[in-house]
**Student:** 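If you scroll down you'll find the structure; I have some questions about it.
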Amino acid sequence: MSACVPTRTDSKRTQRIHRPHSPPSTPPRRFRIAGADVSAAIAVFLIALPLSLGIALATGAPLQAGLVAAAVGGIVAGRIGGSPLQVSGPAAGLTVVTADLIQRYGWRTTCAITVLAGLAQLGLGCLRVARTALAVSPAIVHGMLAGIGVTIAVAQLHIVLGGTPQSSVLANLRALPAQLAGLDPAAVAVSAMTLTLLLLWPRVPGRAGRLLRRVPAALIAVSGATAAAALAGLVLPKVDLPSWRSHALAGLPQGPTLGLVAAVLTTTLVCSVQSLLGAVAVDKLIATRPRGSARVGRSDLDRELLGQGAANIVSGTLGGLPVAGVAVRSSANVQSGAVSRNSTMLHGVLVVVAALLMVPILELIPLASLAALVMAVGIQMVSLHHIRTVTRHREALVYAVTTLGVVFLGVLEGVTLGIAVAVAVALHRLTRTRITHDEKEGVHHVHVRGQLTFLAVPRLSRALHHVPQGSHVVVELDGSFMDHAAYEALQDWQKTHTAQGGTVELTGRRVATGTAPGAADPASDTGTGTSTDAHADTASAPHTVHPTRHLGSARAECQCRPWTPWRNHRCEVPRLAPTASASGQHPGRHPDRQPGQHPDRHGDAPRPTEAGQSTDPSVLTPLGGTSVPPAPLGGRQLVHGITAFQRNTAPLVRGELARLAREGQRPTQLFLTCADSRLVTSMITSSGPGDLFVVRNVGNLVPPPGEESGDDSVAAAIEYAVDVLHVRSITVCGHSGCGAMQALLQSDPGQTQTPLRRWLRLGVPSLERMADDRRPWPRLAGRAAADAVEQLCLTNVVQQLEHLRAHESVARALRSGELELHGLYFHVGEAQAYLLQGQDEGVVFDHVGAVDLTA
């Protein structure tokens, strides 16, 4: 049969897949609120109602101000903000700031400051600087929240005991003994009941507990304490909501200009940072929801800043507290299954309804119960998880200074102190450099840990001074920066040391200095070299500076990163013999030598070697040591890559490979693919040692059982993988631009049969399948094959899977359900993998990532 290109035409296959640009007209959609949004809004409302009253009580503002802020935060910020599921309202993190403003300037001026802070947030949102706010160290943010939490808890403790809080933390601590001596038993009883319900309600066990936990603990705690106080007939101060007609609105700011500016900046900073960090946290919560949940877009932080600014302007104008994103309500919104911003807005509407229609019920709540609720929130703001995190990252000092500064000085002062300490710690880490010198087996090692700056030059020079003359030295630079002073010191010492017969080897992240090809020599008077590269090489050995050269003259031949291969990455070809280059010969080739001849043959002089390096090319030396056998250009590239592996990767995988050497291989998959050099199986499957049993051949072909022209190597690998290794799946992977498929399409039956042509005859069934009008052509998701070669590549994967099923071991494992077969197509140019979906009719290779791989 002639293996020619199929010429059939199929009108169904030539139809356009993409729809026209103009979509068909659709009837107008009605506004609907999803049931998940309704239930989430109710849950958030039940949490927000008592917390809003409690925060207003803690700040000393009118209690209606908390309800105003909750309603505005839900409706305005929920509608305009960039985080659909973040709930905004009066936040505990703003309690200390707002309380201080009310005490200094009065309520109406505080409302004006809230409006000005909202305008500042609008300006920042228009400037698109939201991401910049996230540059604040998390230790500062957590320390600020912890300091605010301590301040809240100490202040509310007085109300819990039946007294009145003082103006500062120190004053509250000084007044605490007298308050304990004159505590109110009724207030303590109500507060204790509130805290008990708050702690125990989420811990109710069993199925009943799962049902009961749907009601927020805050609502149960306040409602239970209120009901108990009413039944017991306790006389306690209760919530007092005056008529809305007498509600105070914002007025013109009055006070010293600098003080007002500082107040606006403080409010803007706290509101913005808390809201932006909350939006990022909400995105993380959404990502942890189970698969299949409704998709919610990621937060637009600049838009979120605009929404918070608009909410603060409206809240301040209407006489409400400052607004920010609230973690407790936001997490409840996400966990309740909200799918859009409608849940946030509906919760705001419910707060408005409650503020207008539930005043008689709200006025039954004892103030001690609200104080206990807010005190518990303040205590929770001092998070042990945050303390462990900052300690693990060595930022405990920043956290402690910020917390104490907020507690004893104020929010703005504490944050300023935290930023100063964070900058000092960062500078200390930048300038802290550890330099050690030791000797192992006659080799001197100078290890530099940290950034190499002029401050470390004296210690570097002292360590290098202890290196004996003429010795072999390994300088390990474990850092990412070297300034000019350190570069000059290292260069001068290297020239002196090599002039005295010593050798220098530079290792680490950045191991040799140099410039790009064609740039000025960094050691000359016309240029300075400050860049280094981990793959810099010389004519003698990888990572080794030749004794007759100095540090600055080593050219960076390769611009690859340590994890990339050593070929096809725009690497500069080293100039091994200048005379050869001048004469037009290949670099490093003798003018009279024919291509392929070894440089040491036909009487040629051997290459110069390093001290201790064998001149016998048959001598094997462990790669990564101090000497490497001489090799031609291609061999040097190979040796260079292996040396990089020995230095950088081998220490990381040695333990795992040692375990595999002890236990043997236990792969779960057989991966059968083409021998094409562009197809890196470990890269496209994110696999490591021991994961895949790989079989590669030209064209990823699977000879059917009993094929006369086939060989037994593929069948033997399949039998070994299935019967001995007990793999759970077999994947046949084809790829775009396959040379074997191109050769199949261009094959001529009359050609002389070579080993390659005899092997490619195994692909003829794929050609026949492609020419069969009764079988649909496999296609990629969203488009047909680009050309005949790609169509044959897709068809070949499907055909080789059929050949696999014909093998006895595979068929037996398939019947018992112990094995699965997969087809994979990798488009090299797109770096995109496609997984085969469906059989027979409608065979489609779908994007990996859009399909379910859990089966």
Side-chain angles (χ1 to χ4, degrees), residues 42-60 63 66-67 70 90 92 95 149-165 172 175-206 208-241 326 328-329 332 354 358-382:
I42 295 174
V44 175
F45 160 72
L46 296 177
I47 296 174
L49 192 62
L51 281 178
S52 300
L53 293 172
I55 292 172
L57 174 68
T59 60
L63 295 183
L67 299 177
T95 302
V150 171
T151 305
I152 292 172
V154 173
Q156 297 307 300
L157 181 58
H158 284 270
I159 302 179
V160 167
L161 297 176
T164 304
N172 283 319
L176 191 57
Q179 186 64 62
L180 289 172
L183 57 83
D184 184 353
V188 173
V190 170
S191 300
M193 186 173 185
T194 302
L195 293 175
T196 301
L197 290 173
L198 196 63
L199 293 175
L200 297 182
W201 188 258
R203 293 172 173 80
V204 177
R210 289 195 298 270
L211 296 175
L212 294 175
R213 282 194 294 270
R214 295 182 179 180
V215 182
L219 179 66
I220 292 298
V222 174
S223 301
T226 301
L231 293 175
L234 299 179
V235 180
L236 289 170
K238 295 187 174 76
V239 169
D240 182 16
L241 293 175
V326 188
V328 176
R329 279 164 259 183
M358 296 176 59
V359 173
I361 298 176
L362 297 178
E363 289 182 339
L364 297 175
I365 301 175
L367 295 182
S369 178
L370 292 179
L373 175 64
V374 177
M375 185 180 70
V377 172
I379 294 174
Q380 291 172 357
M381 292 173 69
V382 186

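For this chain, numbers begin at 1 and follow the sequence in order.
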**Student:** For the residue pair Ile365 and Pro50, establish whether any side-chain heavy-atom pair is separated by less than 4.5 Å.
**Tutor:** no
**Student:** Does His158 use its side chain to pair, donor to acceptor, with the backbone of Gln179 at less than 3.5 Å?
**Tutor:** no
**Student:** Going from CG on Leu370 to CD1 on Ile159, what distance comes out if it is rounded to the nearest 0.5 angstrom?
**Tutor:** 9.0 Å
**Student:** Please report the shortest heavy-atom distance between Ser52 and Ala70, naming the atom on each side.
**Tutor:** OG-CB, 3.4 Å
**Student:** First locate atom CD of Gln380, then atom CG of Leu198, and finally report the distance between them rounded to the nearest 0.5 Å.
**Tutor:** 6.5 Å
**Student:** Tell me which one of Ile55, Thr95, Leu51, Ile152 satisfies side chain to side chain contact (heavy atoms under 4.5 Å, CB included) with Val377.
**Tutor:** Leu51
**Student:** Could you tell me which non-hydrogen atom of Ala332 sits nearest to which non-hydrogen atom of Ile47, and how far apart they are?
**Tutor:** CB-CD1, 3.6 Å
**Student:** Please report, to 0.1 Å, the donor-acceptor pairs under 3.5 Å made by any side chain of residues 219-237, with sequence neighbours excluded.
**Tutor:**
{"from": "Ser223", "atom 1": "OG", "to": "Leu219", "atom 2": "O", "distance (Å)": "2.7"}
{"from": "Thr226", "atom 1": "OG1", "to": "Val222", "atom 2": "O", "distance (Å)": "2.7"}

**Student:** Considering non-hydrogen atoms only, spot the tightest contact between Leu49 and Ala354 and give its length.
**Tutor:** CD1-CB, 4.1 Å
**Student:** Which pairs would a plain distance check flag for residues 180-196, meaning a side-chain donor or acceptor within less than 3.5 Å of a matching protein atom at least two apart in sequence or in another chain?
**Tutor:**
{"from": "Asp184", "atom 1": "OD1", "to": "Ala186", "atom 2": "N", "distance (Å)": "3.2"}
{"from": "Ser191", "atom 1": "OG", "to": "Ala187", "atom 2": "O", "distance (Å)": "2.8"}
{"from": "Ser191", "atom 1": "OG", "to": "Ala368", "atom 2": "O", "distance (Å)": "3.3"}
{"from": "Thr194", "atom 1": "OG1", "to": "Val190", "atom 2": "O", "distance (Å)": "2.9"}
{"from": "Thr194", "atom 1": "OG1", "to": "Ser369", "atom 2": "OG", "distance (Å)": "3.0"}
{"from": "Thr196", "atom 1": "OG1", "to": "Ala192", "atom 2": "O", "distance (Å)": "2.7"}

**Student:** Taking C-beta and beyond as the side chain, do Leu362 and Leu63 meet within less than 4.5 Å on heavy atoms?
**Tutor:** no
**Student:** Given side-chain contact (heavy atoms from CB on, under 4.5 Å), test Leu367 with Lys238 step by step and report yes or no.
**Tutor:** CA-CA 5 Å; Leu367 295 182; Lys238 295 187 174 76; 5.7 Å; no
